[in-house]
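Comments concern the structure below.
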Amino acid sequence: MTDININLETAAHPENLRRVAIDPVSRVEGHGKVTLLLDENDHIQQVRLHIVEFRGFEKFVQGRPFWEAPVMVQRLCGICPVSHHIAASKAMDMIVGATLTPTAEKVRRLMHYGQILQSHALHFFHLCSPDLLFGFDSDVAKRNIVGIAAAYPEIAKQGVLLRKYGQEVIRVTAGKRIHGTGSIPGGVNKNVSIEERDFLLKDIEQIIAWSKDAVGIARKLFEQNLDLYNNFGTFKAHTLNLVRADGALDLYHGGLRARDLDGNTLFDHYDYRHYWDVIFEDVKPWSYMKFPFLRSLGPETGWYCVGPLTRVTQCDFIPSPLAEEQRKAFLAFDNGKAAGATLGFHWARMIEMLHAAEVIQELLHDTDLQGNDLVNIGERQERGVGVIEAPRGTLIHHYKVDEHDQIVRCNLIVSTTHNNQAMNEAIRQVARQFIDGRKLTEGLLNHIEVAIRAFDPCLSCATHALGKMPLEVELLDVEGKEVDTLTRTTDVVFSKNIRRKM
Amino acid sequence: MPAPLLIFAIGNESRGDDALAPLLVRGLEGWAERAGQVELIEDYQLQVEHVTDLTGRGAVLFVDADVSCSEPFYFSEISAEHDHSYTSHAMTPFALLHTYRQVYGVDAPPAFLLRIRGYDFELGNPLSDKAAANLGAASKLARELCLNGNLQRWRECLPNI
């Protein structure tokens, strides 16, 4: 473990340094770019993760009727539309003064845990397993899901079917595969029928078994590479997450808990409807994405980390037996080192996936899902805040609605924004550990991306249209002149080949 | 049993011309089911679990906006390719067909790709006028394909290269 540092954020004399860009970072959602500034001896002087998305999201929903928000916001992102759907719905619950009925809350929970399951499965089995199973600097031709499918066909197939099961949970609860309308201000517009329940129940035992096996894979990766996994890109950070009233892990609802570098509580069970009293957002001239921080600590040192690793390590317990057993084993592993490691995100993510599968099973046996009391409306309010723990971390939706029912202000703090500084810290640590003073290779640069992918960032819903998403790696000399540029399109990813001017 | 023909539209209707494919299948809703044994599916982007949608089909038609194809559209038959698009959250149809083979051990059904030329993909923007014109032409072809389930007839619609 290392101390917090802001070294490497800004080089003293950038004009004299060589610049390498990884643009965009691959296997993350959206468009991100990493720039490295190196001196003449290949020593790292500056490392930054630049985010070039998120512009216009709040503006996108301004002027819309508030009841459209839960559906509209799903179009912000093709990867986590359900998270936005639910967070916006919770905010609109406040607007309409609703207290949810048991059926409404449980249907939403089922939808949300289905989202957690499918998102975590995709990330572990298909986006990160190539790095984890083959090695960070293995043959780039193998380092993708095709390589995984060839070498580990059963794992690849399980990943597909876990993901598919989560999508089916979403379809049943949201009404449609995409553009779901299941969650509405004040409740839901459909329950779960007996037929739908039985359809999901028939596979849930298998899903739980595969999820448990996945936790075992994550543990084995640590056991086989103990020193690397414990120390790779590892740093200390404050933490922020929702917890249930009794301190349990709860991904749908709860109060905010923040802890400092030593695990001391900064605030606990804080009412998220006033989040702005404890969280503020800083801006930096080199990134479009804001840098949130804990107000009591200030912008320099108050940054924090969210997401699976934070949630699993900072909750008091997980309220499902198999996942709780795995949480305890995770915290105890190698005297707690894995629980403080950046790559511990993967292990924690699989524990959450197991928990999600258990919650889905429990909910499917709850007859409230078949209830008909779906919506509850109370006294209309001007302001609404909805917070959930999305797959990638805490997600905040905040709206102000005028007397004409139109949204006039909106603020979204998405999970990846919370982790902005944390991701920067992780890649700076990796740069120190693996790149500083060495000749650059594609494998070394991939170490930077491995650290970023541990957070599963959703940098935005990039338009996926064919022909877009090029990669460009620039190498500039000390005078800023281009030494070499490598460009690829979607069909030649990972042909990175950094040729150095000797 | 799944419908013999799957038309899979890829796109986000709130991102300008990325709405091309979703709008195309909306125009076929009802009509396509009556015209033949067709299932219409749309999603923001392709992902690994979509291999399960391909099983048991006689043919699959992917429809997507494209920023670089010829106007108004480009229709092609496609095959599995190891094209590395797995490195993103989104996959290409070629990569999906490759994953199908890996997961199921057999080749995916015959697959075609209808690329419709788009120009503007900004969040919140409407469909551009030029893209709307391209959509009309592509929709006409899609209707012909729905009416002619014979793959030989489909191949006769392919451009001569």
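Below, chain A is the first sequence line, B the second, and so on; all start at residue 1. Owing to the predicted nature of the structure, the values given are computational and were not obtained by experimental measurement.
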Contact between B:Glu13 and A:Arg75 at the side-chain level, heavy atoms closer than 4.5 Å - yes or no? yes
Has B:Asn150 got more than 12 heavy atoms of other residues, nucleotides or ligands less than 6.0 Å from its CG? yes
Can a salt bridge be assigned to the pair A:Arg163 and B:Glu49 using a cut-off of 4.0 Å between side-chain N and carboxylate O? yes
Does any backbone or side-chain atom of B:Leu20 lie under 4.5 Å from a heavy atom of chain A? Answer side chain, backbone, both or neither. neither
If I measure from the heavy atoms of chain B, does A:Gln74 come under 4.5 Å with its side chain, its backbone, both, or neither? both
Taking only Lys NZ, Arg NE, NH1 and NH2, and the carboxylate oxygens of Asp or Glu, determine whether B:Asp53 and A:Lys164 approach each other closer than 4.0 Å. yes
Can you measure from CE (B:Met91) to NE2 (A:His126) and round to the nearest 0.5 angstrom? 8.5 Å
Flag if over 12 foreign heavy atoms under 6.0 Å of CZ, B:Arg155: yes
Taking atom CZ of A:Phe60 and atom CD of B:Glu122, what is their separation to the nearest 0.5 Å? 12.0 Å
